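Computed from a predicted model, the values in this text were never measured in an experiment. These values consider heavy atoms only, across backbone and side chains, with no hydrogens, waters or symmetry-generated copies.
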Amino acid sequence: VLRHWEHLAGLEIHAAEPDDRLAEWCARSLPFASVSRSSTLPPLPHGTDTFDLVYAISVFTHLPEREQMLWTTELARIIRPGGLLLLTVHGDRYLNRLAREEREAYDDGRLVVRHRSASGTNLCCAFHPARFVRERLAAGFDLLEHTTGGFERGAPHQDLVVLGKPS
C-alpha cells in the first residue's frame, strides 16, 4: 500500500514494519518514506499527536483482541486531534467461513479469532462484527464510517473502518 503514496508531493510519510526483511525492503525500495522497524506490540517510535492520518490495511484482521486494543490505544496516541485512523477488518462478507459456534459469537457481537498464538501472521484470523467495531474497536474515537462488504481497491472483501480522533 505504501508505494501508492509516492506521487503525493509535500507530504511527510512514515511507516512502521515489524518484519526485518520487509522493513529493509521498504527502506531500500520506497525512499520517499521514512520506514522504521517496529515491535509487534506498542509503542511506536513516534511522538504523541504526530500524524494526521494513520492506516492499517489487513492488520487488525490478524490480531487477537488484546493486541487490537493495545494498537488502537497506541494509534490514538500518535494521531493528532481531528486526525483519522483508517483500517480494514473481516466483516459480514466472511460469515460463510465461520463454524456454527463462531457464527453464534459473531452474531452476539463478539470478535472471533482463530489461531491466537500466531498473532500478526496470516494464520491468525480475526472476524469483526459491526457491534464489536462500534463498541470496542472504535472506543475513544468517533466512528465516521464503517463500510461493510468491502471496498473496491486494496482489500475488496474487507470492511473499511474510518475513525476520527476527537478534537
Side-chain angles (χ1 to χ4, degrees), residues 1-91 111-129 132-147 151 153-155 158-167:
V1 175
L2 183 59
R3 71 183 185 271
H4 296 290
W5 293 90
E6 183 173 17
H7 72 282
L8 300 174
L11 294 181
E12 189 175 306
I13 301 172
H14 295 265
E17 173 57 56
D19 182 284
D20 283 329
R21 184 179 54 82
L22 293 176
E24 289 172 12
W25 182 91
C26 287
R28 224 178 25 254
S29 304
L30 307 171
F32 63 90
S34 173
V35 179
S36 61
R37 169 71 167 77
S38 65
S39 175
T40 56
L41 292 175
L44 290 169
H46 304 292
T48 300
D49 298 339
T50 300
F51 299 106
D52 295 311
L53 170 68
V54 172
Y55 69 85
I57 306 296
S58 201
V59 173
F60 285 75
T61 53
H62 302 291
L63 298 174
E65 184 171 352
R66 176 183 169 276
E67 284 87 343
Q68 290 187 36
M69 297 303 101
L70 290 171
W71 277 113
T72 54
T73 299
E74 175 64 359
L75 297 177
R77 180 187 71 79
I78 66 170
I79 296 171
R80 288 186 180 119
L84 300 174
L85 171 59
L86 182 148
L87 53 94
T88 62
V89 297
H90 291 140
L111 182 71
V112 174
V113 180
R114 293 181 182 159
H115 306 289
R116 295 176 201 286
S117 63
S119 177
T121 72
N122 286 342
L123 182 60
C124 178
C125 199
F127 302 90
H128 298 76
F132 177 84
V133 170
R134 197 173 50 253
E135 294 176 3
R136 297 280 292 140
L137 202 58
F141 288 94
D142 296 323
L143 178 60
L144 302 177
E145 184 169 344
H146 181 183
T147 303
F151 63 103
R153 294 183 58 133
Q158 295 181 17
D159 291 3
L160 172 65
V161 178
V162 181
L163 304 174
K165 182 174 177 178
S167 296

Residues in salt bridge (charged side-chain N to carboxylate O under 4.0 Å, His left out) contact with [X], at least two apart in sequence or another chain:
X	result
Arg80	Asp52
Asp49	Lys165
Glu135	Arg131
Arg3	none

Excluding sequence neighbours, so at least two apart, what forms side-chain hydrogen bond (donor to acceptor under 3.5 Å, both in side chains) with [X]?
X	answer
Glu6	none
Ser29	Trp25
Thr48	Arg77
Glu67	none

Practice task
May I have the step-by-step check of side chain to side chain contact (heavy atoms under 4.5 Å, CB included) for Val161 and Leu143, ending in yes or no?
Solution key: CA-CA 8 Å; Val161 178; Leu143 178 60; 3.9 Å; yes

Exercise for the section: Sequence neighbours left out, what pairs pass salt bridge (Lys or Arg N to Asp or Glu O under 4.0 Å) with at least one residue falling in residues 10-28? Expected result: Asp20-Arg37

Exercise for the section: Applying side chain to side chain contact (heavy atoms under 4.5 Å, CB included), name anything that partners Ser36, two or more places apart in sequence or on another chain. Expected result: Ala16, Pro45, His46

Handout entry: Any residue meeting side chain to side chain contact (heavy atoms under 4.5 Å, CB included) with Ala76, in chain and number order, not counting sequence neighbours
Key =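 With neighbours one apart ignored, the set is Phe141.
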
Exercise for the section: Compute the centroid of each ring, for Phe60 and then for His128, and state whether the two points are separated by less than 6.0 Å. Expected result: no

Give me the atom names and distance for the closest heavy-atom approach of [X] to [Y].
X	Y	value
Trp71	Leu41	CZ2-C, 3.5 Å
Leu44	Glu74	N-OE2, 2.7 Å
Leu163	Leu137	CD1-O, 4.0 Å
Leu63	Gln68	O-NE2, 2.7 Å
His115	Leu123	CD2-O, 3.4 Å
Pro64	Ser119	CD-OG, 3.2 Å

Problem - Phe127: ring-ring contact (aromatic ring centres under 6.0 Å, His included) partners, not counting sequence neighbours - result: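 Phe127 satisfies ring-ring contact (aromatic ring centres under 6.0 Å, His included) with His90 only.
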
